[in-house]
Number of protein chains: 2
Amino acid sequence: MSRQAPTLEDVAREAGVSRATVSRVVNGVRNVDPAIQDLVRQAIARTGYAPNRAARSLVTRRTETVALVVSGAGDASEETQDVFTARVFADPFFGRVVSGVVGYLRPRSMHPVLMFAETEESREQVVRYLRQGSADGALVVSTHGDDPLPARLADNGLPAVLFARPARPVALSYVDLAHRDGGRLAADRLLARGCRRTATVSGPLAVPASQERLDGFRDAMARHGCPWVPSAEGGFTLESGRAAITRLLAAHPDLDGVFAGNDLMAQGVCQVLAEQGRRVPQDVAVVGFDDSSAAVGCRPPLTTVRQPVEDMASAMAGLLDEHIRGARTEPTSLVFDPELVVRASA
Amino acid sequence: MSRQAPTLEDVAREAGVSRATVSRVVNGVRNVDPAIQDLVRQAIARTGYAPNRAARSLVTRRTETVALVVSGAGDASEETQDVFTARVFADPFFGRVVSGVVGYLRPRSMHPVLMFAETEESREQVVRYLRQGSADGALVVSTHGDDPLPARLADNGLPAVLFARPARPVALSYVDLAHRDGGRLAADRLLARGCRRTATVSGPLAVPASQERLDGFRDAMARHGCPWVPSAEGGFTLESGRAAITRLLAAHPDLDGVFAGNDLMAQGVCQVLAEQGRRVPQDVAVVGFDDSSAAVGCRPPLTTVRQPVEDMASAMAGLLDEHIRGARTEPTSLVFDPELVVRASA
DNA sequence: CTGAAAGCGCTAACAG
DNA sequence: CTGTTAGCGCTTTCAG
């Protein structure tokens, strides 16, 4: 199909200058005579030159690539990779992370390599990938609280930034949300509506964020005279939301308000409520969390606690970039504020 | 933080052999004395050696990386990249593609770089990326029929495989579904239920797949005495499904069956139907397309035409791999068969 | 079966 | 401001 790709050498010959000069104009280094710059640019256009990334990386020690890894805590046996991947993308949350990350990376001509790490084997693969210099650093989104990957990355001195604070401290930067405040926002809304017999469908309690949302909710309720809030643990999936509310309803038939740990579970809650003939929000008010596309797709549309995921993801990429460039050396945390978005469900 | 990373040289010295020998054992080339192999392996372990990817790529001219590009036909102005990205991931369909692709790639230690190409600028970026040798080839999933990217890739002689046949012929391999058969499957189901006043909510007609699904459906209906099937065009989103069925219902209040171009739109259809007091499937039966997670999340769960997306995506990656390795030179098409999955909606 | 040597294409001192 | 010169770390003939 194609002749050998042209190299710097070819362009240099074509323009009648040295390789170094061509390299300078390609990399936008000043100190090059405008006339010669033009000459070189023409030669580049004529030859259709494209700089070889591997050669450049070899000397710059940069790939302009970062690993975007979705990481679980699972053993190989727990579930197959297919199931894991499917679950990850079933939650609109992850799409927003990608969107934010790409929003930061792309204008800088950087690119994300998608990796999944839910088994020991795949965690090794991620570490190896980075140690080989295939990517300059890692952005990691954990689905479990006790994900061993962050520590592994830190131990290897690999640049990495986490989405959400890890369950046990690690010397890595992270972005996170003030989850407790989010729980409070949900409680305030339900209280304002007059709900007093509320319950929550929490996310996995092993995930710090789930626990904090729950704590924030309970604190606020307690402060208003509701000392005890029954709760059922879910797994952030629609199905688990359905199961949790079903249990809750059986034990507490007089519920008048539900706070779900994410929108997907809130959607499941709304479904079951409707199936059992309860009107939302008249009979039972429902508040979700995230403000993902599920919140809008749900009937009724969900009142929910918005997590500025795109901004957080973008900031995460920015932090990593700074670590890579050496512009930042100490681990840092960036905590964002949640916001109540009122729709129809509460 | 870290001492300079060890190189082949270091390992060689440590093991008392030459670089070439170390390279051989690292790459699993035989013709190396087992005893020496052991020696080298120990040296590798001791030094913590990890081969430098850039250096290797420079000589092998392979990166073991492929671009996974989601491509639209938009102009820069049409919509922002954020919106595009969000829309892409809002459809569970894309998650399945990723799952299938990763399923093929990972066991082979290959990795996908995620790219979005909905503007001219970003299309250029994709081509440049590949021409620089940053990735060995591209897997492209187009959201529009008249996506200019495939032709651009073919013109540059870059290895690429498409998900779905492009609107206008291009000399690239692709995987696809027998969409017409899928439409027929949906019609057969509706007919078997006794529906005679059916309508369809199609995908964008600029996408060949949408048109074919519609054609297949209409053909089958016509063959059973229903010559005319009203149709409203949607955009594969839940919202567009809602809008389309609303129009349809206004014009044809006596509908008894709906075929939607994908599950997300079918979900919108079910919502509106419920809101208007029509029971699914008793009053109106609904058949979706894809068998994505939306089909299960929908109330009632959707009867739908299953597209084996993971298998297709995996096959797509396989084709690309063959093209890259030179094991396949001619463009090839792989067409998969759809399958009816019966749930509650029809 | 192993070692020596020649690059892969590029950047970055260092001279001029 | 431009050219010369070393490599970056690895694979791969080609000898031995």
Side-chain angles (χ1 to χ4, degrees), chain A residues 2-41 43-44 47-65 109 128-134 136, chain B residues 2-41 43-44 47-65 109 128-134 136:
Chain A
S2 54
R3 57 210 172 277
Q4 195 55 258
T7 72
L8 258 197
E9 186 75 52
D10 298 321
V11 179
R13 191 175 328 111
E14 179 81 17
V17 298
S18 74
R19 259 159 42 206
T21 300
V22 178
S23 176
R24 287 187 188 108
V25 351
V26 167
N27 293 299
V29 180
R30 39 177 193 299
N31 296 352
V32 178
D33 184 303
I36 295 199
Q37 271 188 44
D38 243 52
L39 224 57
V40 172
R41 263 186 249 291
I44 289 177
T47 53
Y49 170 74
N52 179 297
R53 165 71 65 205
R56 182 186 302 206
S57 286
L58 185 52
V59 29
T60 61
R61 306 181 149 286
R62 283 282 159 67
T63 61
E64 307 301 321
T65 285
S109 290
R128 202 182 319 137
Y129 193 76
L130 291 164
R131 293 202 42 206
Q132 289 182 150
S134 298
D136 301 330
Chain B
S2 54
R3 58 212 172 275
Q4 195 54 256
T7 72
L8 260 197
E9 186 75 52
D10 298 321
V11 179
R13 191 175 328 112
E14 179 81 17
V17 298
S18 74
R19 260 157 44 202
T21 300
V22 179
S23 175
R24 287 185 188 108
V25 351
V26 167
N27 293 298
V29 180
R30 41 180 189 298
N31 297 351
V32 177
D33 185 303
I36 295 198
Q37 270 186 47
D38 243 52
L39 226 57
V40 172
R41 261 185 251 289
I44 289 178
T47 53
Y49 170 74
N52 179 296
R53 166 70 67 204
R56 183 187 299 210
S57 286
L58 186 53
V59 28
T60 62
R61 307 184 149 283
R62 283 283 159 66
T63 62
E64 307 301 321
T65 285
S109 290
R128 203 182 318 138
Y129 193 76
L130 291 163
R131 294 202 42 205
Q132 290 184 148
S134 300
D136 301 332

Donor-acceptor pair (no angle test) under 3.5 Å: B:Arg53 side chain, D:dG9 base: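 A donor-acceptor contact between them is absent.
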Flag side-chain contact, heavy atom, 4.5 Å: B:Leu58 against A:Asn52: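 Side chain of B:Leu58 against side chain of A:Asn52, heavy atoms only: contact under 4.5 Å found.
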Heavy-atom side-chain contact between A:Arg53 and A:Arg56 under 4.5 Å: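 Yes - at least one pair of side-chain heavy atoms lies under 4.5 Å apart.
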Pairs satisfying salt bridge (charged side-chain N to carboxylate O under 4.0 Å, His left out), at least one member in residues 17-27 of chain B, at least two apart: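 As it turns out, the salt bridge (charged side-chain N to carboxylate O under 4.0 Å, His left out) pairs with a partner in residues 17-27 of chain B, which skip direct neighbours, are B:Glu9-B:Arg19.
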Below 4.0 Å: OP1/OP2 of D:dT11 and any side-chain N or O of B:Asn27: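 Result: yes.
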In whole Å, what is the span from the [atom1] atom of [X] to the [atom2] atom of [N]?
X	N	atom1	atom2	value
A:Leu8	D:dT5	CG	C1'	15 Å
B:Glu9	D:dC8	CD	P	9 Å
B:Arg62	D:dC10	CZ	P	19 Å
B:Arg24	D:dC14	CZ	C1'	11 Å

Where chain B begins and ends its contact with DNA chain C, read 5' to 3' at 4.0 Å from heavy atoms: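 Range of nucleotides within reach of chain B: C:dC1 to C:dG9.
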5' precedence on DNA chain C between B:Ile36 and A:Ala54 (nearest-nucleotide basis):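 Per heavy-atom nearest nucleotide, the more 5' residue is B:Ile36.
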Are the side chain of [X] and the backbone of [Y] linked by a donor-acceptor contact shorter than 3.5 Å?
X	Y	result
A:Arg131	B:Gly48	yes
A:Asp38	A:Ala35	no
A:Gln37	A:Val32	yes

Minimal non-hydrogen separation, B:Tyr129 against A:Thr65, with atom names: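 Closest approach of B:Tyr129 to A:Thr65, heavy atoms only: OH-OG1, 4.0 Å.
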Atom of A:Ser57, atom of B:Ala54 and distance for their closest heavy-atom approach: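 Closest approach of A:Ser57 to B:Ala54: CB-CB, 3.7 Å.
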Any residue of residues 10-23 of chain A with a heavy atom less than 4.0 Å from an atom of DNA chain C: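 Close to the strand are A:Arg19, A:Ala20, A:Ser23.
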Interatomic spacing from CG in A:Asp10 to CD1 in A:Ile44 - rounded to 0.5 Å: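 Output value for this atom pair is 12.0 Å.
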Sugar-phosphate only, base, or nothing, as touched by B:Arg61 at under 4.0 Å among non-hydrogen atoms: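 Sugar-phosphate contact only.
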